[in-house]
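A short worksheet on the structure shown next.
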Amino acid sequence: MGKRKYAYLKPADIKPEGWLKRQLRLQAEGLSGHLDLIWPDIRDSRWIGGDREGWERVPYWLDGFVPLAWLLEEEELQSRAKRYIDGILERQQQDGWICPCALEERDRYDVWAAFLICKVLVVYEECSGDGRVEQAVYDALKQLLSHISSKTLSGWGAARWFECMIPLLWLYERRPEPWMEELAYVLEGCGIDYEKLYARLSFEKPKVRSYWTFLNHVVNTAMALKSRAEMSLLTGEDPDAFAMDLYRKLTEKHGMAIGHFTGDECLSGTSPIQGSECCSIVEAMYSYEELLSIGGNPFWGDLLEQTAFNGLEATVSADMWTHQYVQMTNQVECTRIPEGKAPFSSNGGDAHTFGLEPHFGCCTANFNQGWPKFALSSVMRTEDGLAVTAIAPVSVETAVGGKKVRLTVDTQYPFRDTVRIRVAPEEAFAFAVSVRIPGFAREAGVRIGEERCLAEPGSFFTRKKLWEKEEEIEITFRFEPQFVKRPSGMAALRRGPLFYALPIDAKYEKIEYERDGVIRKFPYCDYAITPESQWGFGFGEGEAKAVYRDFGEIPFDRKKPPVMLEMEMVPIAWKKENGICAELPESLKPVGEPVVKRLYPYGCTTLRMTEMPKIGGLRGE
């Protein structure tokens with residue numbers, strides 16, 4: 001089997017610090033840490049002997065809740081996770097079948113859930129070291145081979161076959177047997193071949209209003225980015241080729257201003273009022289993490305940060321008690337849209353609202369994996385040392401070549417432009433420390449002791465040397481505001497990893513009610529969010545200037561973000577109907593005098609305008 005360029009560390013080796021730890025703490029204190037207490041689909045799931053949903057929701061939730069519990073070193077959270085794992089393992093059948101259904105139901109049970117629960121069990125073993133897991137995964141996957149050899153993949157299992165490669169490759173690395181390679185190729189042969197599909201079909205957005213298909217479902221597509229990279233560990237093929245080509249096509253035909261892609265439910269074009277599903281955000285992040293790990297291309301680290309800091313944070317409330325099913329680039333109101341008036345391809349009028357379970361519950365369970373897995377991907381192991389692969393405040397204690405090393409990443413990035421990496425070996429020895437230099441930096445200056453040098457943006461800066469005592473690598477990035485052209489003829493503004501949007505003052509109305517046996521009551525109620533400030537603007541003349549604030553307790557604060565861009569904005573006429581702004585303004589003619597506005601990071605906004613016309617003679621495309 002091929003080797004990963006960068007290998008994940010054990011969760012016990014990584015400790016989140018600074019703003020990242022606060023973010024994970026907010027997640028634990030919010031919806032993630034309470035779903036098993038208040039949501040019947042998890043609390044009373046068939047996975048643990050209940051009578052509610054017995055398919056993807058418990059595995060989705062555990063996929064994030066398990067690493068969250070261990071990263072925070074919270075015994076109470078860990079014991080709750082263990083209760084679910086115990087229940088799942090106790091109910092595994094003698095023939096290895098692991099999913100909660102009767103024997104007569106197996107033929108119509110979509111085995112996507114089997115892939116997912118095996119992936120969860122691997123995460124749990126990596127966190128806890130539970131000795132039961134390896135045999136349980138072995139038995140489940142061997143039974144799966146027998147099952148799909150006679151009941152070929154269909155539905156979500158066929159669309160997401162490569163997700164099974166994750167636990168399978170983990171198992172194969174530990175105890176390789178011929179049937180495991182057979183299972184890999186059976187999965188590949190039975191599943192959707194996205195490589196051929198996207199090579200031969202255009203996947204333009206259909207002109208009909210409502211459509212649905214497995215073939216370009218946005219979550220399947222986000223997952224599929226890593227499909228050939230996973231197989232490359234067996235086949236030796238280029239792990240990047242398919243993903244690079246697919247990402248280029250996605251951003252060309254369905255790209256959002258923030259570098260993600262639309263999908264509400266399926267790929268939906270480039271309009272700033274199309275939505276993008278929350279699940280697609282966290283699954284794209286996981287694909288980028290795997291692509292970075294397997295092939296080592298720093299481009300995927302850029303996309304990982306960009307998607308986390310912008311897309312993930314925008315679709316989850318700052319306190320992490322509510323989320324959207326879909327987010328919109330230009331989002332001026334979050335209230336239920338009248339029947340038949342939503343701009344989405346197949347989602348309903350509540351899909352962009354914030355709540356416990358807007359539109360559909362998959363994202364309620366699945367958004368949990370985003371930040372914990374990001375933390376676990378921040379530092380990885382190389383052949384001869386350690387690499388900072390995603391920049392965030394963490395500390396690492398691990399062994400390199402059998403010798404202990406402590407590595408600390410001290411930074412307020414992405415809200416500030418400097419990262420300090422302290423390297424402290426227990427004893428003097430030579431090894432390599434690598435740091436990913438974001439491709440969106442104009443310049444990166446490096447200081448190691450008295451040494452000064454420049455690092456190349458879009459690459460890994462590596463220093464292999466004899467580390468004798470604690471030393472510091474300080475890297476300062478130069479980021480400049482720049483405009484990104486959009487297919488609409490408008491533009492979006494970015495600086496470094498953060499995109500910026502015009503924040504709209506918002507009025508929040510709590511909506512408390514009961515549905516499906518759940519009382520939606522604060523803090524996990526739904527909200528109607530309406531605008532209370534003018535939002536029709538275009539970019540004016542002059543430069544955008546960075547303005548900094550002290551950090552608060554909420555990293556992506558909607559009221560007091562740690563960084564802003566200040567610039568001139570020009571009021572223009574822009575219509576709104578049924579709570580949705582028009583795709584384009586009525587006119588570029590100013591309807592008032594220019595005003596200086598502070599633009600917030602996209603991830604620090606709920607109501608916002610992001611894609612806007614350039615009214616003044618702005619530079620920087």
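What's counted below: heavy atoms across the whole structure, side chains too, no hydrogens, waters or symmetry copies.
- The six-membered or imidazole ring of Tyr325 lies away from that of Phe367, with a centre-to-centre distance of 6.0 Å or more.
- Here Arg4 pairs with Glu290 under the salt bridge (Lys or Arg N to Asp or Glu O under 4.0 Å) rule; sequence neighbours left out.
- Proximity of the aromatic rings of Tyr500 and Tyr600 is defined here by a centroid distance below 6.0 angstrom, and this criterion is not met.
- The side chain to side chain contact (heavy atoms under 4.5 Å, CB included) check on Ala390 picks up Leu304, Glu305, Phe374, with sequence neighbours excluded.
- Residues that satisfy the salt bridge (Lys or Arg N to Asp or Glu O under 4.0 Å) test with Arg248, not counting sequence neighbours, are Asp245, Glu252.
- Under the salt bridge (Lys or Arg N to Asp or Glu O under 4.0 Å) criterion, Lys545 pairs with no residue, sequence neighbours left out.
- Residues passing the side chain to side chain contact (heavy atoms under 4.5 Å, CB included) test with Ile448, sequence neighbours excluded: Val446, Glu451, Phe461, Arg463, Glu471, Ile473.
- By the side chain to side chain donor-acceptor pair (under 3.5 Å) test, Gln324 is found to be paired with Gln331, residues two or more places apart in sequence or in another chain being considered.
- Annotation for Arg200: atom CZ does not count as buried by contact number, only 12 or fewer foreign heavy atoms lying within 6.0 Å.
- With sequence neighbours left out, the ring pair (Phe, Tyr, Trp, His ring centres under 6.0 Å) criterion links Phe354 to no other residue.
- Judged as a side chain to side chain donor-acceptor pair (under 3.5 Å), and not counting sequence neighbours, the contacts of Gln23 are Glu313.
- Listed by chain and number, the residues in a ring pair (Phe, Tyr, Trp, His ring centres under 6.0 Å) with Trp170 amount to none (sequence neighbours excluded).
- Aromatic ring centres of Phe344 and His352 lie closer together than 6.0 Å.
- Every residue two or more places apart in sequence or in another chain that forms a side chain to side chain contact (heavy atoms under 4.5 Å, CB included) with Thr364 is listed here: Leu31, Leu35, Trp39, His323, Leu356, Glu357.
- In summary, the aromatic rings of Trp156 and Phe214 are positioned with their centroids under 6.0 Å apart.
- Applying the salt bridge (Lys or Arg N to Asp or Glu O under 4.0 Å) criterion to Glu173, with sequence neighbours excluded, gives no partner residue.
- Under the 3.5 Å distance criterion, the side-chain polar atoms of Trp19 are matched with a main-chain donor or acceptor of Tyr413.
- Counting non-hydrogen atoms of neighbouring residues, nucleotides and ligands closer than 6.0 angstrom, the NZ atom of Lys21 reaches no more than 12 such neighbours.
- Here Phe499 pairs with nothing under the ring pair (Phe, Tyr, Trp, His ring centres under 6.0 Å) rule; sequence neighbours left out.
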